[in-house]
K.L.:
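The structure is given below, and queries will be raised subsequently.
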Amino acid sequence: MTTVAEPAEDLSVHNGLTEITRFAGVGTAVSATSYSQSELLEILDVADPKIRSVFLNSTIDRRFLTLPPESPGGGRVSEPQGDLLDKHKRIAVDMGCRALEACLKSAGATLSDLRHLCCVTSTGFLTPGLSALIIREMGIDPHCSRSDIVGMGCNAGLNALNVVSGWSAAHPGELGVVLCSEACSAAYALDGTMRTAVVNSLFGDGSAALAVISGDRRVPGPRVLKFASYIITDAVDAMRYDWDRDQDRFSFFLDPQIPYVVGAHAEIVVDRLLSGTGLRRSDIGHWLVHSGGKKVVDAVVVNLGLSRYDVRHTTGVLRDYGNLSSGSFLFSYERLADEDVARPGDYGVLMTMGPGSTIEMALIQW
């Protein structure tokens with residue numbers, strides 16, 4: 001393998017930083033109730049064979065969701081936007097608190113150790129944001145600094161990691177946490193259209209937290225070496241969450257061509273990520289790709305020349321949880337950490353995709 005002697009040194013010079021951020025712990029949480037795709041089709045009374053096939057051919061077995069209550073005549077009806085915002089607040093805070101607790105336990109830390117909390121969400125709008133609500137709910141020191149990333153979509157977990165890595169490098173020895181909490185149940189519509197069916201067949205509720213710290217070489221987790229970003233400006237409107245005037249609520253839209261568009265541009269970003277490191281794609285031992293859906297994962301695999309083994313955690317998370325939006329890649333990282341196959345010196349690539357249309361990547365090393 002041809003590498004530079006110390007890629008992290010190149011990164012520190014590039015960023016003007018002398019401290020390297022390391023992963024210290026990870027934790028996840030989901031909402032209370034899960035459903036198989038077949039169960040959802042019956043509960044939602046979906047009869048259209050084309051829509052049923054979207055659900056049943058998704059490679060998703062189960063998802064955690066908080067469905068609308070049953071109507072007096074049976075069945076489920078769309079909730080008004082105000083009720084959905086309330087649902088988002090309730091579920092995102094609950095899952096977020098549990099994921100944060102699990103993350104700190106994994107890191108061998110307590111709430112009193114937390115110095116910065118960055119919360120990510122795209123499935124509801126809150127002011128004050130999730131960070132303030134979770135700090136209050138958990139009794140975290142009110143001096144804890146915080147940030148909120150809202151509305152960036154499924155890619156936003158890596159945007160947050162970039163922000164917190166910078167904070168961590170400037171505050172060596174202090175603990176920061178990236179917390180992605182996505183109550184995708186709060187973005188559901190029930191209108192019988194194919195646009196809605198694609199969304200309803202894919203997303204699930206989930207929260208994931210990642211603890212990071214710099215300046216402590218005893219931390220066994222991988223260190224963050226480099227980030228790369230790319231916005232496919234010609235496809236800005238291909239993924240969007242905007243106001244649906246017909247339903248008087250927010251609604252998510254996915255262009256059917258977006259998996260292929262993302263896949264076709266993935267090489268550009270990974271080549272930029274590895275540029276100047278002396279690394280080739282074949283030197284990357286671990287790939288943690290956002291569980292965006294079967295077609296987008298397939299497109300990434302084909303365009304980057306990956307194997308099914310390379311994306312085993314990505315497809316496993318998709319199978320067991322669906323698309324968890326911004327936190328999906330951390331669910332995959334948790335599985336890799338539990339697998340305990342990464343060895344000192346191994347390299348990994350984290351990849352997320354979302355509205356913009358945006359591809360984000362990070363290079364890490366154990």
K.L.:
Can you find a pair of side-chain heavy atoms, one from Val224 and one from Ile20, that are under 4.5 Å apart?
P.N.:
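Contact flag for Val224/Ile20 side chains = no.
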K.L.:
Might you work through the side-chain contact (heavy atoms from CB on, under 4.5 Å) test for His171 and Arg115, ending with a clear yes or no?
P.N.:
CA-CA 9 Å; His171 298 81; Arg115 294 294 179 268; over 6 Å; no
K.L.:
Can you tell me if CZ on Arg272 sees more than 12 non-hydrogen neighbours from other groups inside 6.0 Å?
P.N.:
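At most 12 heavy atoms, drawn from other residues, nucleotides or ligands, come within 6.0 Å of this atom.
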K.L.:
Enumerate the residue pairs fulfilling side chain to side chain donor-acceptor pair (under 3.5 Å) with a member in residues 91-103, sequence neighbours excluded, ordered by first and then second residue.
P.N.:
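For residues 91-103, and leaving out neighbouring residues, the side chain to side chain donor-acceptor pair (under 3.5 Å) pairs sorted by first residue read Asp94-Arg98.
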K.L.:
Could you tell me whether the side chain of Cys103 reaches within less than 4.5 Å of the side chain of Val26, counting heavy atoms only?
P.N.:
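Side chain of Val26 against side chain of Cys103, heavy atoms only: no contact under 4.5 Å found.
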K.L.:
Val177 and side-chain contact (heavy atoms from CB on, under 4.5 Å): which partner among Leu117, Asp113, Val212?
P.N.:
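Going through Leu117, Asp113, Val212 one by one, the side-chain contact (heavy atoms from CB on, under 4.5 Å) with Val177 is satisfied by Leu117 alone.
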K.L.:
Test question: given the 4.5 Å side-chain rule for I, L, V, M, F, W and Y, name all other residues clustered with Leu84, or answer none.
P.N.:
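None, because no other hydrophobic side chain comes under 4.5 Å of this residue.
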K.L.:
Tell me the closest heavy-atom pair linking Val341 and Asp346, and the distance in Å.
P.N.:
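Taking every non-hydrogen atom into account, O-OD2, 4.1 Å.
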K.L.:
Determine whether Val219 and Asp216 make a side-chain contact, defined as any pair of heavy atoms from C-beta on separated by less than 4.5 Å.
P.N.:
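Answer yes - side chains close enough.
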K.L.:
Check whether Ser181 reaches the backbone of Ala92 with its side chain - one donor and one acceptor, N or O, closer than 3.5 Å.
P.N.:
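Yes, because the side chain of Ser181 sits within donor-acceptor range (under 3.5 Å) of the backbone of Ala92.
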K.L.:
Assess the side chains of Gln37 and Arg63: does a donor N or O sit below 3.5 Å from an acceptor N or O?
P.N.:
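Note: Gln37 and Arg63 side chains meet the donor-acceptor criterion.
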K.L.:
Between Ser275 and Asp271 (side chain of the first, backbone of the second, donor and acceptor by atom type, cut-off under 3.5 Å), is there such a pair?
P.N.:
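Checked: no pair found.
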K.L.:
Establish, from distance only, whether the side-chain atoms of Ser168 and Glu174 form a donor-acceptor pair under 3.5 Å.
P.N.:
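Per modelled atom types, Ser168 and Glu174 side chains form no pair under 3.5 Å.
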K.L.:
Hey, which of Asp338, Leu288, Thr28, Val317 is the one that makes side-chain contact (heavy atoms from CB on, under 4.5 Å) with Tyr333?
P.N.:
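The single option meeting the side-chain contact (heavy atoms from CB on, under 4.5 Å) with Tyr333 is Leu288.
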K.L.:
To the closest 0.5 Å, what do you measure between CG (Leu126) and NZ (Lys89)?
P.N.:
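Taking CG in Leu126 and NZ in Lys89, the distance rounds to 6.5 Å.
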K.L.:
Is the backbone of Tyr309 close enough, under 3.5 Å, to the side chain of Arg312 for a donor and an acceptor to pair up by distance?
P.N.:
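Yes; at least one donor-acceptor contact below 3.5 Å.
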K.L.:
Quick one: ring pair (Phe, Tyr, Trp, His ring centres under 6.0 Å) pairs with a partner in residues 115-138, sequence neighbours left out?
P.N.:
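Every ring pair (Phe, Tyr, Trp, His ring centres under 6.0 Å) pair that includes a residue of residues 115-138, provided the two are not neighbours, is His116-Trp167, Phe125-Phe250.
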K.L.:
Starting at NZ of Lys294, measure out to CG of Asn323 and round the result to the nearest 0.5 Å.
P.N.:
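One gets 15.0 Å once the value is rounded to the nearest 0.5 Å.
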K.L.:
Looking at Ala189 and Thr196, what are the two nearest heavy atoms and their distance?
P.N.:
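Scanning both residues completely, I find the closest heavy atoms to be O-CG2, 2.9 Å.
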K.L.:
Counting distance only, does the side-chain N/O of Ser357 pair as donor-acceptor with the main-chain N or O of Val236 below 3.5 Å?
P.N.:
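Side chain of Ser357 to backbone of Val236, a donor-acceptor pair under 3.5 Å: no, none is there.
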K.L.:
Search all heavy atoms of Phe227 against all heavy atoms of Ser165 and return the closest pair with its distance.
P.N.:
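Heavy atoms of Phe227 and Ser165 come nearest at CZ-OG, 3.9 Å.
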K.L.:
Taking the side chain as everything from C-beta on, heavy atoms only, tell me whether Leu104 gets closer than 4.5 Å to Leu111.
P.N.:
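They are in contact (side-chain heavy atoms under 4.5 Å apart), so the answer is yes.
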K.L.:
Do Ser38 and Ser36 get their side chains close enough for a donor-acceptor pair, meaning under 3.5 Å?
P.N.:
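Note: Ser38 and Ser36 side chains miss the donor-acceptor criterion.
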K.L.:
Taking a hydrophobic cluster as the set of Ile, Leu, Val, Met, Phe, Trp and Tyr residues connected by side-chain heavy atoms closer than 4.5 Å, whether directly or through intermediates, do Ile91 and Tyr241 fall within one such cluster?
P.N.:
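In one cluster: no.
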K.L.:
Run the side-chain contact (heavy atoms from CB on, under 4.5 Å) test on Leu274 and Arg281 for me, step by step, so that the C-alpha distance in whole Å, both residues' side-chain angles and the decisive distance to 0.1 Å come before the verdict.
P.N.:
CA-CA 8 Å; Leu274 299 183; Arg281 286 184 218 168; 4.2 Å; yes
K.L.:
Return each pair, listed once, that meets salt bridge (Lys or Arg N to Asp or Glu O under 4.0 Å) where at least one residue sits in residues 316-331; pairs must be two or more places apart or across chains.
P.N.:
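Only Asp320-Arg335 qualify under salt bridge (Lys or Arg N to Asp or Glu O under 4.0 Å).
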K.L.:
How long is the straight-line distance from CG of Asn162 back to CD of Glu360, given to the nearest 0.5 Å?
P.N.:
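Answer for the CD-CG pair, Glu360 versus Asn162, is 7.5 Å.
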K.L.:
Looking only at the side chains, is there a donor atom on one of His313 and Glu334 sitting less than 3.5 Å from an acceptor on the other?
P.N.:
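Result is no, nothing qualifies.
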K.L.:
Rounded to the nearest 0.5 Å, what separates atom OG in Ser229 from atom CG in Leu273?
P.N.:
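Between Ser229 OG and Leu273 CG, I get 9.5 Å after rounding to 0.5 Å.
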K.L.:
More than 12 heavy atoms of other residues, nucleotides or ligands under 6.0 Å from CZ of Arg343: yes or no?
P.N.:
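Yes, because the 6.0 Å sphere around CZ of Arg343 holds more than 12 heavy atoms from other groups.
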K.L.:
Any side-chain heavy atom of Glu39 sitting closer than 4.5 Å to one from Glu42?
P.N.:
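Contact flag for Glu39/Glu42 side chains = no.
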K.L.:
So, taking the atom named CG in Leu44 and the one named OH in Tyr35, what distance separates them when rounded to the nearest 0.5 Å?
P.N.:
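Leu44 CG to Tyr35 OH: 9.5 Å, rounded to 0.5 Å.
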K.L.:
For Ala197, is there any backbone N or O sitting under 3.5 Å from a side-chain donor or acceptor partner on Asn200?
P.N.:
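It does not hold such a pair.
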K.L.:
Test side-chain contact (heavy atoms from CB on, under 4.5 Å) on Leu350 and Leu158; report intermediate values, then the result.
P.N.:
CA-CA 8 Å; Leu350 315 178; Leu158 278 182; 3.9 Å; yes
K.L.:
Quick one, Ile364 and Lys226 - any side-chain contact, counting heavy atoms below 4.5 Å?
P.N.:
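Contact flag for Ile364/Lys226 side chains = no.
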K.L.:
Any side-chain to backbone donor/acceptor pair from Thr352 onto Asn155? Under 3.5 Å, distance only.
P.N.:
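The answer is yes, because a donor-acceptor pair under 3.5 Å joins these two groups.
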K.L.:
Are Leu179 and Val150 grouped together when hydrophobic residues (ILVMFWY) are joined by side-chain heavy atoms under 4.5 angstrom apart?
P.N.:
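Different clusters.
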K.L.:
Examine Val30 and Phe203 and state if one hydrophobic cluster contains both, with Ile, Leu, Val, Met, Phe, Trp and Tyr joined whenever side-chain heavy atoms are less than 4.5 Å apart.
P.N.:
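Different clusters: Val30 never reaches Phe203 through Ile, Leu, Val, Met, Phe, Trp or Tyr contacts under 4.5 Å.
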K.L.:
Under a 4.0 Å threshold between the charged nitrogen and the carboxylate oxygen, would Asp298 count as salt-bridged to Lys295?
P.N.:
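Answer for the salt bridge query: no.
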K.L.:
Look only at the side chain of Ser326 and the backbone of Gly157, and say whether a donor-acceptor pair between them is shorter than 3.5 Å.
P.N.:
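The answer is no, because no donor-acceptor pair under 3.5 Å joins these two groups.
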K.L.:
Using 4.0 Å as the upper bound for N to carboxylate O, is an ion pair formed by Asp242 and Arg240?
P.N.:
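Yes, Arg240 and Asp242 are salt-bridged.
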K.L.:
Whether the side chain of Tyr230 engages the backbone of Thr358 through a donor-acceptor N/O pair (distance < 3.5 Å, no angle test) should be reported.
P.N.:
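Between the backbone of Thr358 and the side chain of Tyr230 there is no qualifying donor-acceptor contact (under 3.5 Å).
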K.L.:
For Pro68 and Val77, which heavy atoms make the closest approach, and how far apart are they?
P.N.:
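In this case the closest contact between Pro68 and Val77 is CB-O, 3.3 Å.
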K.L.:
May I ask whether Leu330 and Met95 are part of the same hydrophobic cluster, defined by side-chain heavy atoms of I, L, V, M, F, W, Y residues being less than 4.5 angstrom apart, directly or through others?
P.N.:
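Leu330 does not cluster with Met95.
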K.L.:
In the structure I gave you, are the side-chain heavy atoms of Val120 and Met152 within less than 4.5 Å of one another anywhere?
P.N.:
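No. Closest side-chain heavy atoms not under 4.5 Å.
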K.L.:
Using distance only, find each side-chain donor-acceptor pair of residues 128-142 under 3.5 Å and give its atom names and separation, not counting sequence neighbours.
P.N.:
{"unit_1": "Ser131", "atom_1": "OG", "unit_2": "Arg146", "atom_2": "NH1", "d": "2.9"}
{"unit_1": "Ser131", "atom_1": "OG", "unit_2": "Asp148", "atom_2": "OD1", "d": "2.5"}
{"unit_1": "Asp141", "atom_1": "OD1", "unit_2": "His143", "atom_2": "N", "d": "2.9"}

K.L.:
Closest heavy-atom contact between Asp246 and Asp244?
P.N.:
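Distance-wise, the nearest heavy atoms are N-OD1, 2.9 Å.
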K.L.:
Only pairs at least two apart or in different chains count here, so list each ring pair (Phe, Tyr, Trp, His ring centres under 6.0 Å) that has a residue in residues 269-291.
P.N.:
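Sorted pair list: His286-Trp366.
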K.L.:
Is any side-chain heavy atom of Arg195 closer than 4.5 Å to a side-chain heavy atom of Phe253?
P.N.:
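The answer is yes, as the side chains (C-beta and beyond) meet within the 4.5 Å cut-off.
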K.L.:
Sub-3.5 Å donor-acceptor pair from the side chain of Thr314 to the main-chain atoms of Val289, do we have one?
P.N.:
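Yes: the side chain of Thr314 pairs with the backbone of Val289.
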K.L.:
Give me the atom names and distance for the closest heavy-atom approach of Ala99 to Ala209.
P.N.:
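What the structure gives for the nearest pair is O-CB, 3.7 Å.
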K.L.:
Nearest 0.5 Å please: distance from the CZ atom of Arg22 over to the CD atom of Gln365.
P.N.:
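Spacing of CZ (Arg22) from CD (Gln365) equals 9.0 Å.
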K.L.:
Side-chain heavy atoms nearer than 4.5 Å, only ILVMFWY residues, links allowed to pass through others: does that put Ile149 and Leu114 together?
P.N.:
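Hydrophobic grouping puts Ile149 apart from Leu114.
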K.L.:
Between Leu65 and Thr33, does the side-chain contact (heavy atoms from CB on, under 4.5 Å) criterion hold? Intermediate values first, please.
P.N.:
CA-CA 6 Å; Leu65 294 166; Thr33 310; over 6 Å; no
K.L.:
So, does Asp205 use its side chain to make a donor-acceptor pair with the main chain of Ser185 at under 3.5 Å?
P.N.:
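A pair under 3.5 Å: yes.
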